[in-house]
Colleague: 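Below you will find the structure I want to go over with you.
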Amino acid sequence: MKPLLRNRLRPTPAPAPPPTDGPWPEASFGDAARQVVDFLAEDGVDMRGKRVADIGCGDGVMDLGVFQQAQPAELVGFDVSPVDVESLRRRAAAEGVATSLPAGLGFEVCGPESLPAGDDTFDVIFSWSAFEHILRPIPVLKEVHRVLRPDGTLMIQLWPFFHSKHGDHLWDWFPDGWAHLVHDPFEVERLVRADPDKGPGWTELLLEAYRTLNRITLEDLHRALLSAGLRVSRLQLLSELTHIPVELAHLPLSLLAVSGVKLLAVPV
């Protein structure tokens, strides 16, 4: 997945992003990018030579991976915070994956609920691990519909849903999961801050992500898509083997068991 906090499309001030010159996130550049390309291709959607957008692009690493693998004519990454293009180029060069960024790869700063693009601009739009952070998904999806061509395709990967095992995004502290549903928020923050092995900057960054999760469910996402004039055409539920704590035995299994989703949606 992409870096956990990508300053998702939300109106509250975003915390400082993690250092952009850290270790190269191969999971974003390689595996996640490949999953986007493959999930679309399995349904006959080829990005080669197309105009493509990413909603919530973060540091841009995943977009570089998608561009190299899919070869679109243009790929625009949108985020409410600017991408450090020079840092991305420098890191890619140091890793040996690219000496320069492709001419067709660009990044744009967007508003919390607006995209700086014309109507019917993009053939394909994707979003990876962003919609659990977006405060108001319906206005964002309406903007996606506006800039997506009538015969275009939207791909969304959302992981993890809040009520699933790792829905707090705090797996560095709670690898066994469920802490956010077993403990109250104040206790979660106390336990996170009590860990001396994590730097205060990273700790506060992840706690801010935890506080601002929108707690969307699969049903909420479906309703938001329909409200925006988009229908789901392909669906893959993501789940994992888990033990359910006794404290959560009363909650619906549909909340606890569905940890994420990949889907394709098209204009109605």
Side-chain angles (χ1 to χ4, degrees), residues 1-18 32 53-58 62 77-81 109-115 125-146 154-174 177-186 188-189 192 204-230 232 235 237-239 248 251-252 254-263 265:
M1 63 183 290
K2 293 184 184 179
L4 295 180
L5 198 64
R6 302 186 305 157
N7 301 326
R8 315 298 193 200
L9 303 170
R10 58 189 180 90
T12 53
D54 175 15
I55 306 300
C57 65
M62 183 173 172
F78 292 105
D79 204 287
V80 295
S81 293
V109 175
C110 62
E113 297 172 2
S114 61
L115 298 171
I125 298 176
F126 68 89
S127 181
W128 185 273
S129 288
F131 268 86
E132 70 271 27
H133 298 277
I134 293 173
L135 183 62
R136 289 175 12 110
I138 293 176
V140 174
L141 286 168
K142 286 183 176 179
E143 272 292 86
V144 168
H145 189 176
R146 180 184 66 80
L154 166 67
M155 178 197 169
I156 291 177
Q157 182 266 24
L158 193 161
W159 186 93
F161 284 113
F162 181 82
H163 294 90
S164 65
K165 181 177 180 179
H166 295 297
D168 52 19
H169 290 61
L170 298 173
W171 46 80
D172 282 351
W173 290 268
F174 307 113
W178 305 117
H180 59 302
L181 300 183
V182 172
H183 303 296
D184 66 50
F186 300 103
V188 169
E189 294 206 19
V192 167
E204 293 307 316
L205 186 75
L206 271 295
L207 282 176
E208 175 66 10
Y210 164 65
R211 293 186 202 105
T212 56
L213 290 166
N214 61 20
R215 306 195 179 198
I216 195 171
T217 66
L218 179 60
E219 290 76 14
D220 293 334
L221 179 61
H222 189 206
R223 283 191 292 267
L225 286 160
L226 291 173
S227 296
L230 297 159
V232 175
L235 180 71
L237 298 181
L238 308 177
S239 189
L248 307 181
L251 292 177
S254 58
L255 284 181
L256 302 178
V258 181
S259 55
V261 67
K262 293 180 191 175
L263 63 83

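This is a predicted model, so every value here is computed, not measured.
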Colleague: I want to check something: taking the side chain as every heavy atom from C-beta on, are L206 and D172 in contact at a cut-off of under 4.5 Å?
Modeller: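 When only atoms from C-beta onward are counted, D172 and L206 do not touch, as no gap falls below 4.5 Å.
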Colleague: To the nearest 0.5 Å, what is the distance between CD on Q157 and OG on S129?
Modeller: 3.5 Å
Colleague: Once you round to the nearest 0.5 Å, how far does CG of L207 lie from CG of D168?
Modeller: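 CG of D168 is found 10.0 Å from CG of L207.
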Colleague: So which atom in C57 and which in D79 form the shortest heavy-atom distance, rounded to 0.1 Å?
Modeller: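 Looking at all heavy atoms of both residues, the shortest contact is N-OD2, 3.3 Å.
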Colleague: Identify the heavy atoms of G167 and P160 that sit nearest to each other, and give their distance.
Modeller: CA-CG, 3.8 Å
Colleague: Just how far is it from atom CZ of F78 to atom CD of E143, taken to the nearest 0.5 Å?
Modeller: 9.5 Å
Colleague: Would you check if the side chain of R146 reaches a backbone N or O of L115 as a donor-acceptor pair within less than 3.5 Å?
Modeller: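 Yes, R146 side chain to L115 backbone: donor-acceptor pair under 3.5 Å.
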Colleague: Drop me the distance from H133's NE2 to L135's CG, to the nearest 0.5 angstrom.
Modeller: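 Output value for this atom pair is 12.5 Å.
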Colleague: For I138, give me all partners under side chain to side chain contact (heavy atoms under 4.5 Å, CB included), at least two apart in sequence or on another chain.
Modeller: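 I138 satisfies side chain to side chain contact (heavy atoms under 4.5 Å, CB included) with K142, A224, S227 once adjacent residues are dropped.
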Colleague: For W178, what residues pass the side chain to side chain donor-acceptor pair (under 3.5 Å) criterion, not counting sequence neighbours?
Modeller: T242
Colleague: Suppose we screen for side chain to side chain contact (heavy atoms under 4.5 Å, CB included). Which residues come up paired with L255, at least two apart in sequence or across chains?
Modeller: H163, T217, P252
Colleague: List in chain and number order the residues that pass ring-ring contact (aromatic ring centres under 6.0 Å, His included) with H180, two or more places apart in sequence or in another chain; answer none if no residue qualifies.
Modeller: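 Testing H180 for ring-ring contact (aromatic ring centres under 6.0 Å, His included), a comparison that skips the adjacent residues, returns F162.
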Colleague: Looking at D220 and R215, what are the two nearest heavy atoms and their distance?
Modeller: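 Scanning both residues completely, I find the closest heavy atoms to be OD2-O, 4.1 Å.
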Colleague: Donor-acceptor pair, distance only, cut-off 3.5 Å: does the side chain of W171 make one with the backbone of H166?
Modeller: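 Checked: no pair found.
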Colleague: Can you tell if the side chain of W128 reaches within under 4.5 Å of the side chain of M155, non-hydrogen atoms only?
Modeller: yes
Colleague: Just verifying a value: how many Å separate L238 CG and S164 OG, rounded to the nearest 0.5 Å?
Modeller: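 That separation rounds to 10.0 Å.
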Colleague: Go through the structure and list residues passing salt bridge (Lys or Arg N to Asp or Glu O under 4.0 Å) with R211, not counting sequence neighbours.
Modeller: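 Partners of R211 by the salt bridge (Lys or Arg N to Asp or Glu O under 4.0 Å) criterion, ordered by chain and then number, come out as E189, E204, E208.
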Colleague: Taking side chain as C-beta onward, heavy atoms only, is V144 less than 4.5 Å from I156?
Modeller: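 Counting from C-beta outward, V144 and I156 never come under 4.5 Å.
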Colleague: Taking side chain to side chain contact (heavy atoms under 4.5 Å, CB included) as the test, write out the residues that go with A265, two or more places apart.
Modeller: L154, L225, L230, L263
Colleague: Which of these passes side chain to side chain contact (heavy atoms under 4.5 Å, CB included) with V261: F161, W159, F131?
Modeller: F161
Colleague: What are the two closest heavy atoms between E113 and P139, and how far apart are they?
Modeller: OE1-CB, 3.6 Å
Colleague: If you compare all heavy atoms of A257 against all heavy atoms of S239, which two are closest, and at what distance to 0.1 Å?
Modeller: O-OG, 2.6 Å
Colleague: Quick one: CG on L256 to CG on L251, what's the gap to the nearest 0.5 Å?
Modeller: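 Taking CG in L256 and CG in L251, the distance rounds to 5.0 Å.
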Colleague: Specify the closest pair of heavy atoms between L213 and H169, including all atoms of both residues, with the distance to one decimal.
Modeller: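 Taking L213 first and H169 second, the nearest heavy atoms are CD2-CE1, 3.5 Å.
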